[in-house]
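Heads up, the thing below is written out as structure tokens.
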Amino acid sequence: MDEKKEISDLIQSRKEKLSWFIENGYNPFEYNFDKKDKIKDIKAEFEKAENESPVKTAGRVMANRLMGKAGFFDIQDGTGRVQVYIRKDHVPEGDFKVYKHLDVGDIIGVEGTMFKTRKGEISILCSSLKLLTKSLHPLPEKWHGLKDKELRYRQRYLDLIVNPDVKDVFIKRSLIISTIRQFLISKDFLEVETPMLQFIPGGASARPFKTHHNALNREIYLRIAPELYLKRIVVGGIERVFEINRNFRNEGMDRNHNPEFTMLELYQAYSDYNDMMELVEDIFEFIGKQVFDSNEIIYREQKISLLKPWKRISMQDSFEEYAGFSVKDKSITELQSMLEEKDKIKQVKLGKVIEKLFEVYVQPKLIQPTFITDFIKDSSPLTKVHRTDEKLVERFEVFIAGMELGNAFSELNNPMVQKERFAMQVEERTSGNDEAQRMDDDYVKSLEYGLPPTGGLGIGIDRLVMFFTDSSSIRDVIFFPHLKPEI
RNA sequence: GGGCCAUUAGCUCAAUCGGCAGAGCAACUGACUCUUAAUCAGUAGGUUGAAGGUUCGAUUCCUUCAUGGCCCA
């Protein structure tokens with residue numbers, strides 16, 4: 001498809017330079033290079049000591065200013081960017097020819113000594129240089145960078161090369177995740193892995209991706225949640241487990257949804273959803289302290305305090321506080337009539353109707369961290385009935401900046417009740433709700449052996465990273481977000 | 001799912017009322033041993049996202065489609 005592009009002048013001139021290297025005995029795709037120094041380090045050291053120490057580093061040529069028999073160029077590695085000064089009379093003869101055949105984008109190795117130019121820029125005075133990898137495509141414009149969002153997502157590597165802020169987001173992402181691991185491990189949680197391929201996709205209400213197991217000649221699904229497997233592990237006596245891994249849900253994409261997304265799920269025996277609330281507060285506070293050295297985060301120009309305790313309010317009470325009306329005194333028919341047109345027929349269960357109204361009238365107002373507790377029973381088939389109100393379940397969702405970041409319950413551990421709840425879900429399924437959950441007899445069987453009282457928690461890692469990095473789209477915190485194919 | 005906007009050179013963007021498609025960077029040729037968005041002189045680079053339609057003539061107006069963005073649900 002790219003035949004036309006292949007013969008474009010820009011590529012052609014680079015291919016001619018590539019040939020020059022080969023003809024003159026240089027390997028334009030070298031095997032290795034003994035890179036001794038990181039660019040950030042050598043600049044910092046010179047800043048401190050100002051001695052002209054020898055350095056050996058490597059990186060990508062990002063700009064070039066040739067002036068006859070000398071030149072300045074900038075190289076960039078994973079840590080930063082530095083200017084290199086090369087003079088014809090200061091390098092072996094061949095090296096200056098190599099320099100003249102370089103393009104912006106080429107990856108090179110440089111040896112030299114640190115110095116400061118007359119204008120005061122810390123630079124490397126080059127004593128030798130070597131082409132390590134020839135680049136055949138021109139980089140995006142040096143001043144304006146790469147702005148086209150579609151190109152940035154489709155060719156993320158270019159985005160990373162020319163837009164330095166992008167890398168910071170992903171470094172933060174990695175730090176946040178390792179901080180969560182560190183926190184949980186310090187609390188005696190065991191990190192585990194459970195099946196991605198499941199015959200019964202359970203643990204959440206969502207449509208799964210379907211695939212086929214050839215050897216067994218059976219349909220199999222990508223998981224929508226690890227929940228039922230993690231709880232089986234707790235049955236097995238490992239009292240605190242967590243998994244940070246991908247879930248797959250066969251639904252649309254928008255600012256907050258990617259079909260594959262990263263989820264933290266954890267289960268803690270002998271605990272309930274109240275303990276989970278404290279754990280959430282502690283995790284967020286710990287990330288704030290460890291990664292951002294702050295208990296206050298700015299998200300979309302809103303100051304958000306992570307200091308505990310966070311606000312806790314029941315789903316039903318939240319309407320009185322935030323929406324200006326009550327749902328307690330209304331019949332399900334009345335509530336249904338308040339729904340958007342498309343939801344009116346679809347939502348028939350009280351729990352779902354209230355949740356839909358909540359999304360519209362309450363959720364956008366939950367800016368500071370808030371636990372919304374005590375959902376209506378019918379929408380939460382894996383959750384224990386509330387200890388003081390049998391119409392409710394002991395479940396909460398946590399909201400920050402209007403985003404749902406997590407979900408937790410006191411886990412339902414009565415196998416008979418669980419079986420009934422699954423049966424009700426199956427009924428819903430047969431009457432057309434393809435997001436309703438499926439019967440999982442093997443899971444019920446595990447409960448029959450005895451799951452201790454257990455608190456469970458799920459946190460969407462992508463959204464959590466969005467929050468901490470002030471990103472407005474999930475696509476900005478996933479390296480390769482799902483996009484439609486180009487053709 | 002609905003509405004609005006965008007798509008022009010490798011990148012960032014122009015193009016008046018429908019009248020020869022242009023600039024900067026990048027590239028190419030040449031000059032230049034402290035430049036840093038280097039500078040100077042010159043050259044080249046386009047199926048204007050795709051397919052139709054209206055018109056003497058379409059980047060521009062209309063229809064459909066594709067991809068993306070923003071807003072709403």
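Excluded from the calculations below are hydrogen atoms, water molecules and symmetry mates; all remaining heavy atoms, backbone and side chain alike, are included. In what follows, chains are A, B, ... by sequence order, proteins preceding strands, each numbered from 1.
- One atom, CG of A:Leu146, and another, C1' of B:A9, lie 16 Å apart when rounded to the nearest Å.
- For the pair A:Arg87 CZ and B:U33 P, the interatomic distance rounds to 10 Å; values are reported in whole Å.
- Distances from the side chain of A:Asp89 to the nucleotides B:G69, B:C13, B:U33 place B:U33 closest.
- B:U59 and B:C72 have their P atoms separated by 36 Å, with the value rounded to a whole Å.
- Classification of A:Asp89 and A:Lys69 as a salt-bridged pair fails, no side-chain N sitting under 4.0 Å from a carboxylate O.
- One N or O donor and one acceptor, one from the side chain of A:Gln83 and one from the base of B:U35, sit under 3.5 Å apart.
- When distances are taken from the side chain of A:Glu141 to each of B:U67, B:A37, B:G24, the shortest belongs to B:G24.
- Between B:C34, B:C11, B:U67, one nucleotide has an atom nearer to the side chain of A:Tyr85 than all others, and that is B:C34.
- Between A:Lys69 atom NZ and B:C34 atom P there is a gap of 12 Å when expressed in whole angstrom units.
- The CZ atom of A:Arg152 sits 6.0 Å away from atom CG of A:Asp476, with the distance rounded to the nearest 0.5 Å.
- To the nearest whole angstrom, the two P atoms, one in B:U12 and one in B:C20, are 26 Å apart.
- Spacing of C1' atoms, B:G52 relative to B:U47, comes out at 16 Å, to the nearest Å.
- When heavy atoms are screened at a 4.0 angstrom cut-off, A:Phe73 is found touching no nucleic acid atom at all.
- Using a 4.0 Å cut-off between a side-chain N of Lys or Arg and a carboxylate O of Asp or Glu, A:Lys328 and A:Asp317 qualify as a salt bridge.
- Ion pairing between a basic and an acidic side chain is recognised when a charged N comes within 4.0 Å of a carboxylate O; A:Asp103 and A:Lys17 show such pairing.
- Proximity note for A:Lys149 (side chain, C-beta onward) versus B:U12, B:C70, B:U35: the nearest is B:C70.
- A:Lys17 comes within 4.0 angstrom of sugar-phosphate atoms only, judged by non-hydrogen atoms across all strands, and of no base.
- In this structure, A:Arg65 atom CZ and B:A31 atom C1' are separated by 19 Å, rounded to whole Å.
- Whole-Å rounding puts the A:Leu66 CG to B:U39 P distance at 13 Å.
- Under the Watson-Crick or G-U wobble criterion, with both distances below 3.5 Å, B:U36 has no partner in any strand shown.
- For the pair A:Arg475 CZ and B:G68 C1', the computed distance is 8 Å after rounding to whole Å.
- The side chain of A:Glu150 lies closest to B:G68, out of B:G68, B:C28, B:U35.
- On the C1' atoms, B:C71 is 29 Å away from B:A15, given to the nearest whole Å.
- The nucleotide whose nearest atom lies closest to any side-chain atom of A:Glu121 is, among B:U36, B:U33, B:U12, B:U36.
- Note on A:Ile86: nothing from the nucleic acid sits closer than 4.0 angstrom, heavy atoms only.
- Taking all atoms of both residues into account, the shortest heavy-atom contact from A:Ile86 to A:Asp95 is CD1-O, 4.5 Å.
- Shown here for A:Leu457 and A:Phe396, the closest heavy-atom pair between the two residues is CD1-CZ, 4.5 Å.
- A pairwise comparison of heavy atoms in A:Glu281 and A:Trp310 identifies OE2-N, 2.7 Å as the closest pair.
- In this structure, B:A6 forms a base pair with B:U67, meeting either the Watson-Crick or the G-U wobble geometry with both donor-acceptor distances under 3.5 Å.
- When both distances must be under 3.5 Å, the Watson-Crick or G-U wobble mate of B:C20 does not exist.
- Contact annotation for A:Arg81: no contact, since no heavy-atom pair falls under 4.0 Å across all strands.
- Across all strands shown, B:C61 forms a Watson-Crick or G-U wobble pair with B:G53, both key distances being under 3.5 Å.
- The side chain of A:Leu10 approaches B:G10 more closely than any other nucleotide in the set B:C34, B:U35, B:G10.
- Among the nucleotides B:U12, B:G68, B:C11, the one closest to any side-chain atom of A:Leu483 is B:G68.
- When heavy atoms are screened at a 4.0 angstrom cut-off, A:Ser13 is found touching the sugar-phosphate backbone but no base atom.
- Closest approach to the A:Thr117 side chain among B:C34, B:C11, B:U67 is made by B:C34 (side chain taken as heavy atoms from C-beta onward).
- Remark: the A:Arg223 side chain and the A:Asn247 side chain contain an N/O donor-acceptor pair separated by less than 3.5 Å.
- Within 4.0 Å (heavy atoms only), A:Gly145 reaches sugar-phosphate atoms of the nucleic acid but no base atom.
- On the C1' atoms, B:A14 is 15 Å away from B:G46, given to the nearest whole Å.
- Here B:C32 is in the anti range [glycosidic angle more than 90° from 0].
- Of the two residues contacting RNA chain B, namely A:Ser123 and A:Asp103, the nearest-nucleotide position lying further toward the 5' end is that of A:Asp103.
- Atom name P, nucleotides B:U36 and B:A44: the rounded distance is 28 Å, in whole Å.
- Here A:Lys119 reaches the OP1 or OP2 of B:U35: one of its side-chain N or O atoms lies under 4.0 Å away.
- Nucleotide B:U43 forms a Watson-Crick or G-U wobble pair with B:A27, both donor-acceptor distances falling under 3.5 Å.
- Taking all atoms of both residues into account, the shortest heavy-atom contact from A:Val55 to A:Asp37 is CA-OD2, 3.3 Å.
- Only the P atoms considered, B:C34 is 44 Å distant from B:U7, to the nearest whole Å.
- If you measure from atom CG of A:Asp159 to atom P of B:U12, you get 11 Å, rounded to the nearest angstrom.
- Rounded to a whole angstrom, the distance from the P atom of B:A50 to that of B:C25 is 28 Å.
- Distance A:Lys88 NZ to B:C34 C1': 19 Å, rounded to the nearest Å.
- With distances taken from any side-chain atom of A:Tyr153 to the nucleotides B:G69, B:U33, B:U35, the minimum falls on B:G69.
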